[in-house]
Q: 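Take a look at the following structure, please.
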Number of protein chains: 2
Amino acid sequence: MDFQSPDQGASPAEEARGRPLVEVALESIWHSREISRADLARKLEVSRSTASELAAELLDTGLVAEGGDGPSRGGRRPILLRFQDEAHVILGVDMGASHVAVAVTDLRGRVLVWTEEAHPVRDDPSGTRALIIRLADEVLGRVPGAARRLLGIGIAVASPVDHLDPLHLSETVLPAWKGRSGFELLRERYGVPVFVDNDANLGALAERWWGGGRGLDHFTFIKLATGIGAGLIFRGQIYRGATNAAGEIGHISIDPRGEPCVCGNRGCLVTFVGGDALVRKAETLVAENPGSLLAERCISPGSIEEAALLRDPVAMQLVREAAQHLGVAIAGLLNLLNPGAVILGGSMARLKEDLLVPLRETVVRRTLVSSVAASEIRVSDLGPQGIALGASTLVLSLALANPALFPGMRGIAAGEGR
Amino acid sequence: MDFQSPDQGASPAEEARGRPLVEVALESIWHSREISRADLARKLEVSRSTASELAAELLDTGLVAEGGDGPSRGGRRPILLRFQDEAHVILGVDMGASHVAVAVTDLRGRVLVWTEEAHPVRDDPSGTRALIIRLADEVLGRVPGAARRLLGIGIAVASPVDHLDPLHLSETVLPAWKGRSGFELLRERYGVPVFVDNDANLGALAERWWGGGRGLDHFTFIKLATGIGAGLIFRGQIYRGATNAAGEIGHISIDPRGEPCVCGNRGCLVTFVGGDALVRKAETLVAENPGSLLAERCISPGSIEEAALLRDPVAMQLVREAAQHLGVAIAGLLNLLNPGAVILGGSMARLKEDLLVPLRETVVRRTLVSSVAASEIRVSDLGPQGIALGASTLVLSLALANPALFPGMRGIAAGEGR
DNA sequence: TGCACTTTGTTCGCCTACCGAACAAAGTAG
DNA sequence: CTACTTTGTTCGGTAGGCGAACAAAGTGCA
């Protein structure tokens with residue numbers, strides 16, 4: 001046996017130096033929303049004199065401004081430094097399997113404008129690209145000064161994303177696109193950086209910043225739709241695996257004797273709770289129960305959700321069974337990963353307890369340690385905007401962590417280059 | 001919906017400043033084994049003058065020494081700085097369910113002395129503690145100057161470890177221990193820091209540093225024994241989950257209609273390939289096939305492994321079936337986590353291809369993307385010493401990352417306090 | 001109201017870690 | 001032997017951060 005050293009990850013040079021203090025200060029002020037120089041000094045563990053200098057530097061960038069005095073704590077009243085949430089806007093794009101949604105947000109993740117349109121994304125690359133630009137122009141046009149203030153564009157796609165070559169799309173999942181996303185067009189049209197990631201990952205990111213994942217360093221977001229994907233947050237960050245293929249929870253087998261799946265396996269989770277499987281089962285059940293609300297119109301995951309909200313027995317049975325199957329997979333996930341929470345988003349999130357009760361029941365019966373069984377399972381409360389918001393959040397997180405990536409933010413760490 | 005900021009992880013103060021340059025230099029020299037000042041400067045991206053100063057400081061600690069000249073590259077020959085692997089020794093303890101093993105290693109992970117003894121650890125806390133001390137005294141006695149050079153002690157336990165209170169043991173897994181490990185004794189007896197972690201985690205760590213996981217930032221180590229545990233390496237580090245319960249792969253259900261398990265679930269992986277399950281199945285098979293090698297003596301996971309190595313048909317059938325069941329669980333793991341490799345250790349690792357061939361076959365049939373199916377599945381080549389080596393490696397990794405934890409290394413970053 | 005005490009924010013000199021230029025030492029290549 | 005490299009050291013310079021001191025602006029109690 002030959003003993004060698006483990007290869008090193010990041011270059012030691014990067015590891016050694018901390019980030020520039022201004023950047024940390026900026027991020028810190030963003031987190032605090034408003035903070036005095038003295039508090040900033042305490043938070044960053046630097047002297048007050050240094051905090052003062054940092055403040056001066058940040059005031060120059062326009063990202064921070066002085067906003068009134070804070071309450072006295074027994075001495076002189078502090079001058080509050082306030083992060084300027086409106087200094088820039090971000091465009092978030094959610095490109096699903098059969099729809100496109102776009103949102104304009106500010107730097108606090110507030111959705112200023114949002115719009116959505118159904119489209120056969122999977123089969124129509126050029127039409128989809130045109131649609132994205134049309135919707136983007138529309139929403140940006142509705143925000144005053146958006147063009148000037150646009151910081152960057154984030155795009156969520158329902159396909160694995162190689163984050164070394166993010167403009168390339170998986171040819172297995174979206175064959176008609178032939179691997180070419182064409183998102184360079186956006187960069188050229190708007191003149192800002194463009195970032196792309198998988199939709200389940202970005203859903204998870206949105207939960208981490210604005211939803212049920214706040215304060216949790218380890219949790220899992222599960223997106224229920226035509227396909228089923230998981231976004232894994234580890235140590236507060238998106239985990240992508242060795243080849244950016246992590247999170248394919250839909251193709252975990254929960255029954256070795258189950259129906260064959262397109263992937264070659266048997267009894268995959270999608271064959272029980274995927275969009276197509278649900279519709280197929282619904283059609284069978286409706287044939288037996290013609291009185292169901294579902295008999296009235298074309299059956300889709302959306303119509304099943306609505307029927308269940310109206311307490312249609314057939315729809316509710318479908319949901320209950322789906323929850324139980326989901327429970328088996330989630331129990332396995334809890335045993336293996338021990339996340340702090342599991343957050344469900346997508347087509348069934350609006351059902352809340354109708355989905356969660358049978359799900360939790362299955363999970364408790366199927367997990368080892370009580371602490372794991374006690375893991376919180378919730379539905380997302382970010383609604384249909386969640387994914388687009390996540391795309392926007394990707395840009396925001398990068399801007400705060402590494403302002404140098406954004407020429408539009410010049411003034412802070414301008415000399416960084418690359 | 002109320003928008004708030006995500007909580008911050010590490011304090012911004014820690015985040016801002018990089019590690020002290022001396023520490024980075026020390027780690028860098030360890031990785032290089034020997035390196036000139038000029039090369040060190042290039043590697044750390046500092047000036048040669050700074051590298052010279054760092055070298056001077058490290059020479060004082062005794063952890064680095066000048067060792068001869070290197071080859072010229074067209075100019076003056078460099079003086080090589082050599083990391084002193086023998087400057088300290090580390091004690092690694094592997095406390096399994098039914099045995100104790102201890103190893104003394106140097107700072108390069110070389111096992112200098114090793115010994116092992118069977119013991120009913122689970123049921124005999126005080127006897128186990130005495131045994132550990134006896135074995136530790138014995139192995140340390142066989143290494144000249146060990147007492148003086150001892151840097152720290154690492155302990156691997158077959159139980160989840162809360163890494164805020166590492167001396168506490170799980171009362172569910174080891175009820176007889178009543179939560180108290182008593183490892184403080186070791187700290188007092190030898191006067192060095194003691195660190196504890198779960199055995200599968202430390203097996204994974206050993207693979208990351210010295211085994212099949214070198215250079216892989218994302219992989220999974222699976223320990224097959226009485227229980228089945230997984231050690232997950234994410235971003236080059238051990239992943240422990242939200243409550244240190246991650247890696248319980250043994251209680252993932254691979255068949256919802258399978259036999260009930262002690263954990264309350266049905267068809268858990270352990271009910272197919274756990275030590276007890278294997279022995280039970282072997283007994284059934286032996287009754288039908290009295291000619292098997294297994295009929296000759298008491299059946300245990302170890303004897304099954306040996307019979308299979310001797311190509312006993314009954315044992316090989318057991319192994320094949322176990323591999324297939326393991327394959328189902330591993331396929332799920334690959335879909336979900338997309339690790340760069342899966343490394344198998346423990347009671348069946350010696351079987352190599354006899355285990356891997358049927359396993360890989362199952363996995364390929366059961367994973368979605370070809371890139372995931374191509375994920376390497378290997379057996380560990382660290383042998384029975386792997387876990388104790390991992391315990392030792394835990395101490396080594398901490399010493400290199402944070403020398404301030406080790407009073408015995410004083411001279412470097414001595415003022416750190418804590 | 002006055003006085004003692006706090007807290008904030010700024011100024012200014014100082015200290016330390018690191019840099020760059022210069023140089024001697026020790027090699028290679030023709 | 002000469003021209004050119006590379007290594008390692010020396011030494012003065014610089015910039016980023018610190019601490020002490022101080023003015024400004026508050027609180028609380030007699």
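A, B, ... follow the sequence lines: proteins, then strands. Residue 1 opens every chain.
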Q: Report the nucleotide, chosen from D:dA24, D:dC18, D:dG8, that has the shortest atom-to-atom distance to any side-chain atom of B:R76.
A: D:dG8
Q: As a test of reading the structure: which of C:dT8, C:dC19, D:dG8 is closest to the side chain of B:S47, going by heavy atoms?
A: C:dC19
Q: In whole Å, I'd like the distance from the CG atom of B:L44 to the P atom of C:dA17.
A: 16 Å
Q: Go through the structure and list residues passing side-chain hydrogen bond (donor to acceptor under 3.5 Å, both in side chains) with B:S47, not counting sequence neighbours.
A: B:S49, B:T50
Q: Using the side-chain hydrogen bond (donor to acceptor under 3.5 Å, both in side chains) criterion, which residues pair with A:R42? Sequence neighbours excluded.
A: A:D39
Q: Report the relative orientation of the aromatic rings in A:F406 and A:F195; use parallel for angles under 30°, tilted for 30 to 60°, perpendicular for over 60°.
A: tilted
Q: Atom CG of A:D39 and atom C1' of C:dT8: how far apart are they, to the nearest Å?
A: 10 Å
Q: In terms of the nearest nucleotide of DNA chain C, which residue is placed more toward the 5' end: A:G74 or B:A51?
A: A:G74
Q: Take the protein atom CG of A:L80 and the nucleotide atom P of C:dG9, then report the distance between them rounded to whole Å.
A: 8 Å
Q: Please state whether the phosphate of D:dC22, meaning OP1 or OP2, lies under 4.0 angstrom from any side-chain nitrogen or oxygen of A:R48.
A: no
Q: Within this structure, what is the CG-to-P distance between B:L54 and D:dT9, rounded to whole angstrom?
A: 12 Å
Q: Check whether any side-chain nitrogen or oxygen of B:S72 sits under 4.0 Å from OP1 or OP2 of C:dG27, and answer yes or no.
A: no
Q: Indicate the ring-plane relationship of B:F234 and A:F234, choosing parallel, tilted or perpendicular according to the 30° and 60° boundaries.
A: parallel
Q: Taking the nucleotide of DNA chain D with the nearest heavy atom to each, does B:P78 or A:T50 sit closer to the 5' end?
A: B:P78
Q: Whole-Å distance between C:dT8 C1' and A:L40 CG?
A: 13 Å
Q: With a 4.0 Å limit, can you tell me whether B:R77 has a side-chain N or O closer than that to the phosphate oxygens OP1/OP2 of D:dT7?
A: no
Q: Within the modelled atom types, does a donor on one side and an acceptor on the other bring the side chain of A:R37 and the base of C:dG9 under 3.5 Å apart?
A: no
Q: Between C1' on C:dT8 and CG on A:L81, what's the gap in Å once rounded to a whole number?
A: 12 Å
Q: Round to the nearest Å and state the distance from B:E53 atom CD to D:dG8 atom C1'.
A: 13 Å
Q: Suppose we call a contact any N or O donor and acceptor under 3.5 Å apart; does that hold for the side chain of A:S49 and the base of C:dG9?
A: no
Q: For a quick test of reading the model: is some side-chain N or O of A:R42 closer than 4.0 Å to OP1 or OP2 of C:dT8?
A: yes
Q: Can you tell me how far P of D:dC18 sits from CD of A:E45, to the nearest Å?
A: 10 Å
Q: Please confirm whether the shortest side-chain N or O distance from B:S52 to OP1 or OP2 of D:dT9 is below 4.0 Å.
A: yes
Q: Quick one: does NZ or CZ of B:R108 land under 6.0 Å from the six-membered ring centre of B:W209, within 45 degrees of the ring axis?
A: no
